[in-house]
Every structure is written in C-alpha cells, then in structure tokens.
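For ligands, and for the atoms within them, numbers begin at 1 and follow the listed sequence.
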Amino acid sequence: MQFKDLKAQYLALKNEIDAQIEEVIGSSSFILGKQVAELEERLAEYVGRKYCVSCGSGTDALILAIMSMNAGPGDAVFVPDFTYIASAGAAAVRGAVPVFTDIDIRTFNMSPESLEYQIQKVMKEGKLLPKAVITVDLFGQPADHDSIIPVADKYGLKVIEDAAQGFGGSIRDKKACSFGDVSVTSFFPVKPLGCYGDGGAVFTDDEKTARRLRSLRANGRSEEDKYCNDIIGINSRLDTLQAAILIPKLKAFKEYELDNVNRMAEYYTQRLKDGFLTPAVLPGFRSSWAQYTILCKDAGERDILQKRLKDRDIPTIVYYPRCLHRQKAFEGREYSDADYLNSMEASSRALSLPIHPYLKDEEADMVCETILSV
Ligand SMILES: *Cc1c(COP(=O)(O)O)cnc(C)c1O
C-alpha cells in the first residue's frame, strides 16, 4: 500500500499530462511560458483571490511573503509550534525571530489564546517588534482564522496563511489561500495539489503587493526594464513544465479528487472514532486531508500500532516527532515547555494514516481492520 499514490494519479491523467509536457518541450518556453500565467489565473479564481504569483517552492513562497512585508531583524513572527519546519524557517532566513505558539490539540492548529499570550510576552520583554503571524492550515484543515485574525488586528500584525497543506480546504464559503494579507501554498508532489518537482505560489488581493512579489521572484527586476533593479530579490519561479502539469491536475482536483479524499476521511472517522481520537473538523470547516491524523493514547500505543500496520505493509508517518521550540535550529530564544503542552502531546501521540484520492475501499478497510485489532 502507498502512503500517497502518485502513480495511480498519473495513470488516471496520463494522456492529458503527457500532452501538456510535450507541448511545453515543443515550444521551448521553459521559464514563464504561457502555461504559468494560465495556471496563476485559474488558481486565483479557484481560491477566490485577485492575484496569484507562482514560485519555486512552498518555502520560497513563505520567504517571498516575508520579504513582501519587510519582516526581518528585530521583528517577531508568530508561528505554531507544531508544523513543518519551513513555516518558521522562512522567517528566520530573513533574520526575523520565529516566536512559537501552542496549538489546539483537537485540530492541531494554532491556538488563538496562546497567540495572544505570546504577543503580550514579546511586548513585555520589549526586545522584538511583533510584526506578523503565520497561520498554518495543518493536515488540510484551515486554521481558525475567525478567531486568529481579530487577535492579529488588535495588535496590528500582518497575517500570512501557510496553506501548503491546506489547498482545497475552506471555512464556510471561503477557500484556503484566501485568508489573511498574503497566503502561500506548495506544489511539492504529495501536497493536496502537487506537481512533479518543487513548486509553490503566493496569493494576495493587494495589487501593490502582487507587483512587488512578481519583482521579488525575479531578482528584484523592475516591470519595465529587466536590467533595472530597485529592490533585492531572489530567483524563484515555477517552471513552465510544472505549471503545464498542474493544469490538468487542478481540474481533477476540483472535479473529483477533493471529494474522494473527503469520502475516505469520513470512512476512517466512522470506523475509528470509538477507539481513537479522530481528527476534529470544526463546524463550517472543510479539510483537504493532506494528512489523516489520529491521536493515540500515548507514544507506546503509537509504537505498537505503527509496528502492527508495518507488518501488514501499511505505511504510516509521525508528523511531527519534534516540536519546533525544541529544534536546535531555533535555540537562540528561550522557550519553556510549559507554554507548549498541546504541541508536545501531539508530537508524542499523533499518527498519520495513508490517505489520498485513489485509495481503494479495500485498502481503507484493511487499515481500519488492522488498527481495530490492536
Ligand atoms: C510542505 C510545507 C511547506 C514547504 O513547502 P515546500 O514546497 O516543500 O518548500 C511549508 N509549510 C508547510 C506547513 C508544509 O507542509
């Protein structure tokens, strides 16, 4: 069994994807070819944003977002403690200090109360300027933007939505990638919408920010003259090939993949909910199920489950075994475990099961059978 079955997806879309690849190679327009603009337009329309600026990866999308806000040395950027390293690394690369917040144990997403507590802590210390908050739509469910954005507004913070895992999710009629000032996503192959290499995108409704992002991704070039530079940028563009591959993949995602993966998640929840803490989706929220993550009783139970599943050739992954406040890379700032109790619980109890739109009913049944037999 595959944790994510990229091969099954390719076989389902082979004709369209092969044709797209052939067209790009035939045109020799490898950088910023017409498929890039076409994809950006479709993505912006799908998520309900005015502008989409594609780039080289989700990490670069975060770096570009941080650069677009001029966050850097002396600034505090608030990030959940339980997420992939890039959510915080992008701020640190620009010289800003990531300040971690605890999470809600049932959704795995940023706790608005902990965010406010950490903002006040930074203000009391008086060393850093609270600048921005990076909300993360972890495992596919949008962060609780209803509660987080008012906190950010109260303290004058910009909001960056890290929707690397959240693409396709929604809160009522608003889609992931439409929350906050700037949103980012990743097209890393196993994300909800993945390409065949690295890729990412930044979204915004602000025209000036969109222009700035377009310049930043092309070494800070000015709009009129390629060799005239007013700002410092990086080189981070989405290859035309990747954009062309994403066009039919986005279509399949909208037409059936997102629905299929939601059906799979619902099946898991129905079968497993009596024995385990299955992932909670808040009322009015929809997840894109980048991961389906259960909470075991403790690390011991998780080890047993993982081993039993492995014996039957069922892959599982622990996302994330180490909280960010305990990563050596961030050891410059003093963090107290007591501020991160939920995050630490999650890191010792969470277990992610195989889930993707092409998972067969028999496979999902076998996963549940095995888990329930333990
Ligand atoms: C994958 C991921 C990223 C980084 O995306 P890449 O395309 O791999 O650089 C950032 N944040 C989160 C939450 C992710 O899951």
Looking at Phe108, is Arg106 sitting on its ring face, NZ or CZ under 6.0 Å from the six-membered ring centre and within 45 degrees of the normal?
no
Just checking, Lys175 and Phe285: is the charged tip under 6.0 Å from the six-membered ring centre and within 45° of the axis?
no
Validation row, ring centre Tyr46 to ring centre Phe167 under 6.0 Å
yes
Report the residues that fulfil side-chain contact (heavy atoms from CB on, under 4.5 Å) with Ala44, sequence neighbours left out, ordered by chain and then residue number.
Cys52
By salt bridge (Lys or Arg N to Asp or Glu O under 4.0 Å), Lys154 pairs with (sequence neighbours left out) Glu116
Output all residues satisfying side chain to side chain donor-acceptor pair (under 3.5 Å) with Gln270, sequence neighbours left out; order by chain, then residue number.
Glu266, Lys273
Output, or 'none' if empty, a list of ligand 1-protein atom pairs in which both atoms are N or O and the distance is under 3.5 Å, rounded to 0.1 Å.
| residue | atom | partner | partner atom | Å |
| --- | --- | --- | --- | --- |
| ligand 1 | 5 (O) | Ser186 | OG | 3.4 |
| ligand 1 | 7 (O) | Gly58 | N | 2.7 |
| ligand 1 | 7 (O) | Ser186 | OG | 2.7 |
| ligand 1 | 9 (O) | Gly58 | N | 3.4 |
| ligand 1 | 9 (O) | Thr59 | N | 2.8 |
| ligand 1 | 9 (O) | Thr59 | OG1 | 2.6 |
| ligand 1 | 11 (N) | Asp162 | OD1 | 3.4 |
| ligand 1 | 11 (N) | Asp162 | OD2 | 2.8 |
| ligand 1 | 15 (O) | Gln165 | NE2 | 2.8 |
| ligand 1 | 15 (O) | Lys191 | NZ | 2.7 |

